[in-house]
Protein chains: 2
Amino acid sequence: MDELTEPEQRILAAARKVFERDGYAGARMQHIADEAGISKASLHYYFRSKEKLFQRIFDEYITRIVPVFSAWNDDGDDWQPKVRTFMKGMMKAISESPMLLIAREFDRDPSKMEALLTARRKKPNAFAAYFERLSKAGLVRDIDPRPLIMAMQALCAYPYMNKAFLCAAMRMDPKQYNAYLDQYTDQAADIIIRAMKK
Amino acid sequence: MDELTEPEQRILAAARKVFERDGYAGARMQHIADEAGISKASLHYYFRSKEKLFQRIFDEYITRIVPVFSAWNDDGDDWQPKVRTFMKGMMKAISESPMLLIAREFDRDPSKMEALLTARRKKPNAFAAYFERLSKAGLVRDIDPRPLIMAMQALCAYPYMNKAFLCAAMRMDPKQYNAYLDQYTDQAADIIIRAMKK
DNA sequence: ATTAGGTTTGACTATTTGGTCAAACCAATT
DNA sequence: AATTGGTTTGACCAAATAGTCAAACCTAAT
């Protein structure tokens, strides 16, 4: 069904690269064509317009990220390792998908939100439900789960979204910074676990 | 010294609005002129080029935000209210300056980082120093301060940087969301305090 | 009233950019 | 060899856009 021809794949990879780097407004169709090693006319042959090409890629990101954000299966296992695993997965997904691009382009075109809303509509806030059960069972503190949702996202996404600024703020070069992010994943999970623990 | 004429102020306000909304690549000099109620030629009369105008505004943001990020005065008072006050100030500063724009444009032009680096060079990581004293005095846990720095920034900045996404993720309309952010400020501070407390 | 100096703008330019199209290309089929 | 149908592209177009400039405008000093 969703078979992609080889040139289509090359184009999509090129487009991802250019859109991520330059944003929608800054991206140039010619640059995408160059990156894919084809002519601009061919690029338009495969994907009618810049907007269509971008939408395709944007939707791809959304539908890839949303499931990660609600991956809470409520078996009886300990919640602490679950939090740790969840945040590790979140960090990985975000490091691969450009949250900055998503934030960048979300309000440019309000219809961009549709994909997110439909992807999200099915599942009823998985973490909130999970947390409520833990709370009722007396396993965690009885607090508002919303700041926890915000915080998990924030701790995972922000280090990638504002990389350059953080490098400067923490006096690290990008190499040191990336190395540090490995340790950080666990430290960030610790913060959330402490916020939940009785 | 830094007296700004009335049209200059109008232009800068207009430019802030347009650059924040559209980013550098998406911003149009004509839109800025319209917003300021003058002709495009006049706009160029006051600020030679788009790049110069943007640089001016960008530097303004950086020099306004950086001091807030290192506002740790180490008198003998309790550290917990200090953390709370600090994060409140940070949230306010970030809600007024567009962290998303900063993140957006930081790597477009590497020289954008200079302003940040020079503004930062003076002060030797105020929080790290403060935290070390607290830690040696046995007032807080003895842990790596870096995730705390990251977390404070993340918790304060992310809710503004990814507003639209979070609205959708938490099923709130923008009005509800803004209302919630008031409570959130304290909840976020709680998370940091818990991470520091023994 | 005239002058002088800063301010404002409509009209214009050069360049960039998304998008089109007819012609060329190429591989498979007859 | 000829035909067919999908693919590729150089050449081109129309619109948008940053930036320029000479002329008009305005105000305060002479």
Side-chain angles (χ1 to χ4, degrees), chain A residues 1-61 101 104-112, chain B residues 1-60 101 104-105 107-112:
Chain A
M1 195 98 210
D2 209 35
E3 300 272 328
L4 287 179
T5 65
E6 191 268 340
E8 279 171 334
Q9 290 178 353
R10 268 216 323 281
I11 290 173
L12 287 173
R16 268 178 228 118
K17 183 171 173 180
V18 174
F19 280 132
E20 286 177 23
R21 191 188 56 211
D22 302 333
Y24 179 81
R28 300 287 163 248
M29 292 298 268
Q30 185 63 61
H31 293 166
I32 295 174
D34 292 348
E35 185 73 33
I38 57 169
S39 71
K40 191 161 62 97
S42 276
L43 177 55
H44 275 92
Y45 172 78
Y46 283 102
F47 298 89
R48 298 218 172 165
S49 69
K50 186 182 180 184
E51 182 61 40
K52 286 240 170 60
L53 178 55
F54 181 75
Q55 188 75 49
R56 166 74 176 257
I57 285 170
F58 192 82
D59 289 351
E60 212 175 67
Y61 287 144
L101 184 78
R104 243 182 186 173
E105 309 299 344
F106 236 130
D107 41 17
R108 185 175 60 80
D109 175 10
S111 78
K112 289 272 172 298
Chain B
M1 194 100 211
D2 209 35
E3 301 271 328
L4 286 179
T5 65
E6 191 268 339
E8 279 171 334
Q9 290 178 354
R10 268 218 322 281
I11 291 172
L12 287 173
R16 268 179 229 116
K17 184 170 172 180
V18 173
F19 279 133
E20 286 177 23
R21 191 189 54 210
D22 302 334
Y24 178 82
R28 300 287 165 246
M29 291 300 266
Q30 186 64 60
H31 293 167
I32 295 174
D34 292 347
E35 185 73 32
I38 58 170
S39 72
K40 191 160 62 100
S42 276
L43 178 55
H44 275 92
Y45 173 77
Y46 283 104
F47 297 89
R48 296 217 172 166
S49 69
K50 185 182 180 183
E51 181 62 41
K52 286 238 169 62
L53 177 57
F54 181 75
Q55 187 76 49
R56 166 73 176 258
I57 284 170
F58 192 82
D59 289 351
E60 211 175 69
L101 184 78
R104 242 181 186 172
E105 309 299 345
D107 40 16
R108 184 175 59 82
D109 175 10
S111 78
K112 289 273 171 297

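Below, read A as the first sequence line, B as the second, and so on, with proteins coming before strands; counting in each chain starts at 1.
Taking atom CD1 of residue A:I38 and atom P of nucleotide D:dG6, one finds them 19 Å apart after rounding to whole Å. The interatomic distance linking A:D34 (CG) with D:dT9 (P) rounds to 11 Å, in whole Å. In this structure, the CD atom of A:Q30 is 14 Å from the C1' atom of D:dT8, given to the nearest Å. A straight line from CD1 of B:I11 to C1' of C:dT7 spans 11 Å, rounded to a whole angstrom. Atom CD of B:E51 is separated from atom C1' of D:dT17 by 16 Å (rounded to the nearest Å). Counting to the nearest Å, the C1' atom of C:dG18 and the CZ atom of A:F47 are 16 Å from each other. Between the CD1 atom of A:I32 and the P atom of C:dG19 there is a distance of 10 Å, rounded to whole Å. The distance from atom CE of B:M29 to atom P of C:dT13 is 21 Å, rounded to the nearest whole Å.
Side-chain nitrogen and oxygen atoms of A:S42 include none within less than 4.0 Å of the OP1 or OP2 phosphate oxygen of D:dT7. For B:R28, a side-chain nitrogen or oxygen approaches OP1 or OP2 of D:dA18 to under 4.0 Å. A close approach under 4.0 Å does occur between a side-chain nitrogen or oxygen of B:Y46 and OP1 or OP2 of C:dT8. Regarding contacts with the backbone of C:dT8, every side-chain N or O of B:Y45 stays at 4.0 angstrom or more from both OP1 and OP2.
With D:dT9, C:dG10, C:dG18 as the candidates, the nucleotide lying closest to the side chain of B:A41 is C:dG10. If you check C:dT20, D:dT8, C:dT8 against the side chain of A:H44, the one that comes closest is C:dT20.
Counting only distance, with no hydrogens or angles, the side chain of A:K50 and the backbone of A:Y24 share a donor-acceptor pair below 3.5 Å. A:E8 places no side-chain N or O within donor-acceptor distance of the main-chain N or O of A:Y46, the cut-off being under 3.5 Å. Under a 3.5 Å cut-off, the side chain of A:S42 and the backbone N or O of A:Y45 do not form any donor-acceptor pair.
Heavy atoms of A:A27 sit under 4.0 angstrom from primed sugar atoms or phosphate atoms, though from no base atom.
Contact check on A:E20 versus B:R104 returns no salt bridge, with no Lys/Arg side-chain nitrogen under 4.0 Å from an Asp/Glu carboxylate oxygen. With respect to B:E35 and B:K17, a salt bridge is recorded, a charged nitrogen being found less than 4.0 Å from a carboxylate O.
Counting distance only, with no hydrogens placed and no angle test, the side-chain atoms of A:K40 and the base atoms of C:dG18 include a donor-acceptor pair under 3.5 Å.
Mapping A:H31 and A:R48 onto DNA chain C by nearest heavy atom places A:H31 closer to the 5' end of the strand.
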